[in-house]
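In what follows, chains carry the letters A, B, and so on, assigned in the order in which the sequence lines appear, proteins first and then strands, with residues in each chain numbered from 1.
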Number of protein chains: 2
Amino acid sequence: MSDTDVMERPTPQKRPGGRTAEVTRRIHEAILELLVEGGIDACTFQNIASRAGVERSTLYRRNPDRWPTIIDAIIDFAERETAPHDTGTFRGDLTATLRNLARALNGPLGPALITVAAALQTGVAPGQGERFWASRMERLGPMFDGAIARGELRDNVDREAIFSMAAGPIYFRRLIAAKPVGDDWVRLVVDEICGRYCLEN
Amino acid sequence: MSDTDVMERPTPQKRPGGRTAEVTRRIHEAILELLVEGGIDACTFQNIASRAGVERSTLYRRNPDRWPTIIDAIIDFAERETAPHDTGTFRGDLTATLRNLARALNGPLGPALITVAAALQTGVAPGQGERFWASRMERLGPMFDGAIARGELRDNVDREAIFSMAAGPIYFRRLIAAKPVGDDWVRLVVDEICGRYCLEN
DNA sequence: AGTTAAAGCAACTATTTGTTGCATTAGTGG
DNA sequence: CCACTAATGCAACAAATAGTTGCTTTAACT
């Protein structure tokens, strides 16, 4: 009560363990289910809360905006689904990565993935788009590192450019053209990328 | 009043002229503005109505679902922006088309375009995705027709596949990787496509 | 074991959604 | 120009959702 500690606000220590982690898990699970069932429109705080068995106020207190919440769930999913590949060749790694991507996009959550990613560019959630993309590229680091170490790629290649050329047609075919993405399509893309960027050997 | 015409409901004749057309124009304009300013979340019937100076009930009566309404505005925009190109070569036409696409995507409405297109695949608006895509491909018909007629492409090429390979990286780079799409990027894509699909000459 | 984040609970207001009956305007065909 | 009526305007609804808040309970950390 003394006036000496009026200004003291000892920065509340976080408690991310146990219950909190479980609540987070349930929230993410609920969001993914809702995205599959009803798309973005279904992802209201109300729906998320009741589906996850969590209080609505908890969601608002964690983050008053629903977009960062949704992004968290998506990134969480993407990181769980994105297994690292090390086949020994860039071609093999890229093929595995794109097959993995195609599998995710072909699945029920595919459309929601790009809907969210695209929505991030509309200004609804400043900074979240970069967060998502950075998370994606970080997972691809080892693939490029290995290829460069083996001399398959020049060490100054534009990694984002290469991945954009590779993943672009995969995304597009599934989500704009609404066509299935099969192994043949993946192989076509891989051939183009390797033919253009891989050093001769 | 006779019972002879009880079943007669002479399918009310439409009146698409004058006022109705003007209202449609204002609605589309309002939607595009809202998409630019606040993304999908801003496109509520309430916002659209007040922005367009139209009664909310009119929107509900025209279509109780907001997605077809939004798609209409997007398609309308896309068709207005998509000028036909006839440069005399497939490479020229494709370059012009992709530059056009890049320009649209680089603009303020770019992110909204793909957000909507992607949202269509989530089941929020059955059939609307196909409608959008069909509208897009239809505009590209002359380009392929001309190229085939000139012998630059085989007459059995998969037009959708080619356009997916071309437009995919454009979309991706702008809207997932959030990088600008410059002429250099367009040229890179064009080189790949032409190198792979154009017949030698 | 004590401290205190963090979640639960409950009540509340404001906003948005979706609907409907009636009045008014104006496109269309004669 | 007139009559008909589709389409919009207007206004008043109920229902759902969005946010917010004070208090209680649980359980993560030291």
Side-chain angles (χ1 to χ4, degrees), chain A residues 1 5-31 33-35 37-73 119 124-125, chain B residues 1 5-6 8-31 33-35 37-70 72-73 119 124-125:
Chain A
M1 295 300 181
D5 50 5
V6 165
M7 299 302 292
E8 305 213 8
R9 193 63 65 90
T11 48
Q13 55 205 36
K14 298 292 181 185
R15 291 182 184 177
R19 182 171 60 163
T20 297
E22 169 64 12
V23 167
T24 299
R25 196 191 60 75
R26 288 214 307 270
I27 291 173
H28 287 182
E29 193 177 59
I31 290 175
E33 288 177 14
L34 288 169
L35 280 174
E37 295 171 16
I40 276 296
D41 286 356
C43 285
T44 64
F45 271 174
Q46 190 140 303
N47 285 342
I48 296 170
S50 61
R51 174 69 63 106
V54 168
E55 270 301 313
R56 209 160 49 88
S57 55
T58 296
L59 296 177
Y60 281 108
R61 287 190 177 116
R62 282 180 164 214
N63 201 321
D65 190 355
R66 70 174 187 155
W67 282 106
T69 312
I70 294 173
I71 304 309
D72 280 340
V124 291
Chain B
M1 296 302 180
D5 50 5
V6 165
E8 303 211 11
R9 193 62 65 91
T11 47
Q13 56 206 36
K14 298 292 181 186
R15 290 182 184 179
R19 182 170 60 165
T20 297
E22 170 63 13
V23 167
T24 299
R25 196 192 61 75
R26 288 212 307 269
I27 291 173
H28 287 182
E29 192 177 59
I31 290 175
E33 288 177 12
L34 289 168
L35 280 174
E37 295 171 18
I40 276 295
D41 285 357
C43 284
T44 63
F45 271 176
Q46 190 141 301
N47 285 343
I48 297 170
S50 60
R51 175 69 64 106
V54 168
E55 269 303 310
R56 208 160 49 88
S57 54
T58 296
L59 297 177
Y60 281 107
R61 287 191 178 112
R62 283 181 164 213
N63 199 322
D65 191 355
R66 69 175 186 155
W67 282 105
T69 311
I70 294 173
D72 278 340
V124 291

Requested in this report: Could you tell me, to 10°, how much the axis swings from one end of the helix from dT3(C)-dA28(D) to dG30(C)-dC1(D) to the other, five pairs per end?
Outcome: 60°

Let me know the distance between [atom1] of [X] and [atom2] of [N], rounded to the nearest Å.
| X | N | atom1 | atom2 | answer |
| --- | --- | --- | --- | --- |
| Asn63(A) | dA18(D) | CG | P | 15 Å |
| Glu22(B) | dT25(C) | CD | P | 18 Å |
| Ile48(B) | dT16(C) | CD1 | P | 13 Å |
| Asn47(A) | dT17(D) | CG | P | 6 Å |
| Leu59(B) | dT20(C) | CG | C1' | 16 Å |
| Arg66(A) | dA18(D) | CZ | C1' | 11 Å |
| Asp41(A) | dT16(C) | CG | P | 16 Å |

Enter the distance from [X]:[atom1] to [Y]:[atom2] here, rounded to the nearest 0.5 Å.
| X | Y | atom1 | atom2 | value |
| --- | --- | --- | --- | --- |
| Asp72(A) | Asn63(A) | CG | CG | 8.0 Å |
| Thr58(A) | Ile27(A) | OG1 | CD1 | 7.0 Å |
| Leu59(B) | Asp65(B) | CG | CG | 12.0 Å |

Any [X] side-chain N or O less than 4.0 Å from OP1/OP2 of [N]:
| X | N | answer |
| --- | --- | --- |
| Thr58(A) | dG8(C) | yes |
| Tyr60(B) | dG18(C) | yes |
| Thr20(B) | dA26(C) | no |

Solution key, residues 46-54 of chain B side-chain donor-acceptor pairs under 3.5 Å, sequence neighbours excluded:
residue	atom	partner	partner atom	Å
Asn47(B)	ND2	Ala42(B)	O	2.8
Asn47(B)	ND2	Thr44(B)	OG1	3.3
Ser50(B)	OG	Gln46(B)	O	3.3
Ser50(B)	OG	Asn47(B)	O	3.2
Arg51(B)	NH1	Glu33(B)	OE1	2.6
Arg51(B)	NH1	Glu37(B)	OE2	3.1
Arg51(B)	NH2	Glu37(B)	OE1	2.9

Query raised in the report: Does Glu22(A) come within less than 4.0 Å of Arg25(A), counting only side-chain N to carboxylate O?
Result: yes

Query raised in the report: With a 4.5 Å limit on heavy-atom distance, are the side chains of Ile40(B) and Arg66(B) in contact?
Result: yes

Query raised in the report: Who pairs with Arg62(A) by salt bridge (Lys or Arg N to Asp or Glu O under 4.0 Å), at least two apart in sequence or on another chain?
Result: none

**Report entry** Any residue meeting salt bridge (Lys or Arg N to Asp or Glu O under 4.0 Å) with Arg56(A), in chain and number order, not counting sequence neighbours
**Finding:** none

Side chain of [X] - closest among [options]:
| X | options | value |
| --- | --- | --- |
| Arg19(B) | dA6(C), dT8(D), dT17(C) | dT8(D) |
| Arg61(B) | dT20(D), dA7(C), dC10(D) | dC10(D) |
| Gln46(A) | dT20(C), dG8(C), dT17(D) | dT17(D) |

Query raised in the report: If you look at every strand shown and take non-hydrogen atoms under 4.0 Å, does Arg62(B) touch a base, only sugar-phosphate, or nothing?
Result: sugar-phosphate

Report task. Please list residues of residues 49-57 of chain A whose heavy atoms come under 4.0 Å from any atom in DNA chain C, ordered by number; otherwise none. Result -> Gly53(A), Val54(A), Glu55(A), Ser57(A)

Report task. Sequence neighbours left out, what passes side-chain contact (heavy atoms from CB on, under 4.5 Å) with Ser57(B)? Give chain and number order. Result -> Glu55(B), Arg61(B)

